[in-house]
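Each remark here refers to the structure printed beneath this line.
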Amino acid sequence: MRQLPRPLQIAKSWIELCVNPGDFAIDATLGNGHDTLFLCKLVGNEGRVMGFDIQKEAVESTRRRLQLHEISESVYELHHASHSTISRIDLAPVKAAMFNLGYLPGGDKSVITSAEDSLAALQAVLDSLASGGVVTVMCYPGHEGGDTEAKEILNFCQMLDRQVWQVQRVDELDQDQTRPFLIGIFRRGN
Ligand code: SAH
């Protein structure tokens, strides 16, 4: 058997199902910019990607990656700001948003996403999500703070109206409760 897809690869395949060239997408946690690059390539030159990170290094490293791959500057807009500020931005209908929670690998492990900000951002993005759009959330319950954040995200998802939202969860059926897991929130329609 070939290797099974990792949760992040599954997140990307969900996004590929929903996003077309010209669409608008959000990377709520830039990190090293891998997901931003993925989104920029999907939306193409006519599309738009907005990204957020509270760490300057993450914004700079993402910018370098996008430049290296010759992504047109007209496609992306990177904010050195918390994703909780998304609620203040008037968003065009969003087709996809990616949240990759936790800390930046290879960076400062004390800087982690928080339930409060992540939920505020998630709510703001869902409010602007187009029919047929998707939000992916990678949760990492394995570090201190990540466990409560993961629980709160799950509680939030449990409350979503199933007439409007289809919610999927991917994780390993395992005794280890600390493994990362993926949530996909799809807006029904189209
Ligand atoms: N855990 C993942 C990577 C997550 S990177 C993995 O192992 O692959 C998470 C990023 O979110 C970090 O770069 C961090 O700076 C950023 N971040 C933390 N709080 C944030 C906030 N409130 N708004 C935006 N980005 C945030």
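Note that ligands are numbered from 1 as they come in the structure, with each ligand's atoms numbered from 1 the same way.
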State whether a side-chain donor-acceptor pair under 3.5 Å links D27 with Y76. no

Please indicate whether E46 has more than 12 foreign heavy atoms, meaning atoms of other residues, nucleotides or ligands, lying under 6.0 Å from its CD. no

Using a 3.5 Å cut-off on N/O to N/O, what pairs does ligand 1 make with the protein? A line per pair would be great.
from     : atom 1 : to   : atom 2 : distance (Å)
ligand 1 : 1 (N)  : L101 : O      : 2.8
ligand 1 : 1 (N)  : Y103 : O      : 3.3
ligand 1 : 13 (O) : D53  : OD1    : 3.4
ligand 1 : 13 (O) : D53  : OD2    : 2.7
ligand 1 : 15 (O) : D53  : OD1    : 2.6
ligand 1 : 15 (O) : Q55  : NE2    : 2.7
ligand 1 : 22 (N) : S82  : OG     : 3.0
ligand 1 : 22 (N) : H83  : NE2    : 3.4
ligand 1 : 22 (N) : D117 : OD2    : 3.4
ligand 1 : 23 (N) : H83  : N      : 2.8
ligand 1 : 23 (N) : H83  : ND1    : 3.2

Which side chain to side chain donor-acceptor pair (under 3.5 Å) pairs, counting each pair once, include a residue from residues 155-168, with sequence neighbours left out? none

Just grab all the side chain to side chain donor-acceptor pair (under 3.5 Å) pairs involving residues 177-186, residues at least two apart or on different chains. D174-R179, D176-T178

Can you name the ring-ring contact (aromatic ring centres under 6.0 Å, His included) partners of H143, sequence neighbours left out? Y103

Taking the six-membered ring of F181, is NZ or CZ of R169 closer than 6.0 Å to its centre and within 45° of its axis? yes

